[in-house]
Amino acid sequence: MSYEELSEYFSNVTLPEELRLDRASTQLYVADFVKQLLKNMKNYPENWRHQYQLMRIKHALENPYNGPAIPRF
């Protein structure tokens, strides 16, 4: 997805304070992180990592993780 598409998507969605991305990852302060990633994506378009992270957040919003947590020992 392009910067414009991701920017529009995240401007129209309600972001939670905390979001579980997968079994091992939880993103804290989602709104601030998305804002920073969009800014970085605009400033550094050749760096694919910002787009990848935004796509992970987008996927987690559309398909919330509801599986088991990592066991604590």
Side-chain angles (χ1 to χ4, degrees):
M1 292 183 86
S2 69
Y3 166 77
E4 291 79 19
E5 292 170 326
L6 286 170
S7 180
E8 183 168 331
Y9 174 81
F10 284 109
S11 67
N12 295 327
V13 71
T14 303
L15 297 172
E17 180 69 25
E18 180 178 302
L19 179 65
R20 185 128 182 235
L21 300 176
D22 54 29
R23 183 175 185 209
S25 305
T26 300
Q27 179 61 56
L28 304 174
Y29 310 110
V30 178
D32 295 335
F33 191 61
V34 165
K35 189 183 304 181
Q36 183 65 40
L37 286 172
L38 286 170
K39 179 179 157 189
N40 288 343
M41 189 175 172
K42 185 175 184 180
N43 293 335
Y44 307 104
E46 69 282 350
N47 192 341
W48 55 268
R49 290 172 182 87
H50 311 299
Q51 179 184 10
Y52 174 75
Q53 206 49 26
L54 287 167
M55 292 300 293
R56 285 186 71 200
I57 293 171
K58 179 180 179 293
H59 182 284
L61 288 169
E62 293 172 351
N63 307 305
Y65 180 79
N66 61 358
I70 295 176
R72 305 249 181 219
F73 295 105

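Residue numbers start at 1 and run along the sequence shown.
- Put simply, Tyr44 and Tyr3 are part of two different groups of oily side chains (I, L, V, M, F, W, Y) that touch within less than 4.5 Å, one to the next.
- A donor-acceptor pair under 3.5 Å is absent between the side-chain atoms of Ser7 and the main chain of Glu4, judged by distance alone.
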#### Entry: side-chain contact (heavy atoms from CB on, under 4.5 Å) between Val34 and Leu15, worked out
CA-CA 9 Å; Val34 165; Leu15 297 172; 4.2 Å; yes

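- A donor atom on one side chain and an acceptor atom on the other are found under 3.5 Å apart for Gln36 and Asn40.
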### Task
Might you work through the side-chain contact (heavy atoms from CB on, under 4.5 Å) test for Val30 and Glu17, ending with a clear yes or no?
CA-CA 6 Å; Val30 178; Glu17 180 69 25; over 6 Å; no

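- Phe33 has its side chain out of reach of Leu19: every pair of non-hydrogen atoms, C-beta onward, lies at least 4.5 Å apart.
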#### Entry: Steps toward side-chain contact (heavy atoms from CB on, under 4.5 Å) verdict (Lys35, Tyr29)
CA-CA 10 Å; Lys35 189 183 304 181; Tyr29 310 110; over 6 Å; no

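- One distance of note links CE of Met1 with CD of Glu8; it measures 9.0 Å at 0.5 Å rounding.
- Proximity of a side-chain donor or acceptor of Gln53 to a complementary backbone N or O of Leu37 within less than 3.5 Å is not detected.
- For the pair His59 and Tyr65, the minimum side-chain heavy-atom distance is 4.5 Å or more.
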All N/O donor-acceptor pairs, side-chain side in residues 21-28, below 3.5 Å, sequence neighbours left out:
residue, atom, partner, partner atom, Å
Asp22, OD1, Ala24, N, 3.0
Asp22, OD1, Ser25, N, 2.8
Asp22, OD1, Ser25, OG, 3.1
Asp22, OD2, Arg56, NH2, 2.9

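- A distance-only check finds a donor-acceptor pair linking the side chain of Glu5 to the backbone of Ser2 [under 3.5 Å].
- When every heavy atom of Met41 is checked against every heavy atom of Leu54, the shortest pair comes out as SD-CD1, 3.8 Å.
- By the 6.0 Å and 45° rule, Lys58 does not stack over the aromatic ring of Phe10.
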